[in-house]
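Starting from 1, each residue takes its place in the sequence as its number.
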Amino acid sequence: MVEVRYFAAIADAVGKSSEHLDLPAEATISDLRHTLSRTYGPTLDPMLQVCAFLIGDELTRDVTTPLTPRVDVLPPFAGG
């Protein structure tokens with residue numbers, strides 16, 4: 001089980017700030033992206049392609065990175 005937390009635009013797109021997903025122990029960011037696309041539809045794909053993922057203390061976009069029990073999905077932020 002993986003706790004997935006969503007922030008900013010990705011939270012708006014999925015309609016929630018977090019959820020628990022039943023993914024295999026060896027699941028990667030790629031597996032998570034595919035699961036989210038299947039769950040929320042292919043219109044989410046372009047946003048997922050530019051998101052960064054916080055895995056433990058590491059912020060990454062490497063889709064081969066194994067998941068940890070908690071993953072934060074972070075879209076690009078804009079500000080001023």
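Counting only N and O atoms by type, the side chains of Asp62 and Thr60 include no donor and acceptor under 3.5 Å apart.
Here the NE2 atom belonging to His34 is positioned 12.5 Å from the OG1 atom belonging to Thr39, to the nearest 0.5 angstrom. Within the model, atoms CZ of Arg5 and OG of Ser17 stand 9.0 Å from one another, a figure rounded to the nearest 0.5 Å. Summarising the geometry, atom CG belonging to Leu48 is positioned 6.0 Å from atom CZ belonging to Arg33; distances are rounded to the nearest 0.5 Å.
Contact detail for Pro75 and Ala8: the closest heavy-atom pair is CG-CB, 3.9 Å. Contact record, Leu36 with Glu19: CD2-OE2, 4.1 Å, taken as the closest heavy-atom pair. For Cys51 against Val73, the heavy-atom pair with the smallest separation is SG-CG1, 3.9 Å. Of all heavy-atom pairs between Tyr6 and Val14, the closest is CD1-CG2, 3.7 Å. Residues Arg70 and Thr68 share a closest heavy-atom pair of O-OG1, 2.8 Å.
Side-chain atoms of Leu21 and Leu32, non-hydrogen and from C-beta on, do get closer than 4.5 Å to each other. Taking 4.5 Å as the limit, some side-chain heavy atom of Leu59 sits within range of a side-chain heavy atom of Leu74. Contact annotation: the side chain of Asp72 approaches that of Phe7 to within less than 4.5 Å [non-hydrogen atoms, C-beta and beyond]. In this structure, Val71 and Ile55 have side chains that are in contact, with non-hydrogen atoms separated by less than 4.5 Å.
Side-chain atoms of Thr35 come within 3.5 Å of backbone atoms of Asp31 as a donor-acceptor pair (strictly under, hydrogens ignored).
A chain of hydrophobic side-chain contacts below 4.5 Å, direct or via other Ile, Leu, Val, Met, Phe, Trp or Tyr residues, connects Leu23 to Val63. Cluster annotation: Leu44 and Ile29 are assigned to the same hydrophobic cluster (Ile/Leu/Val/Met/Phe/Trp/Tyr, side-chain heavy-atom contacts under 4.5 Å, transitive).
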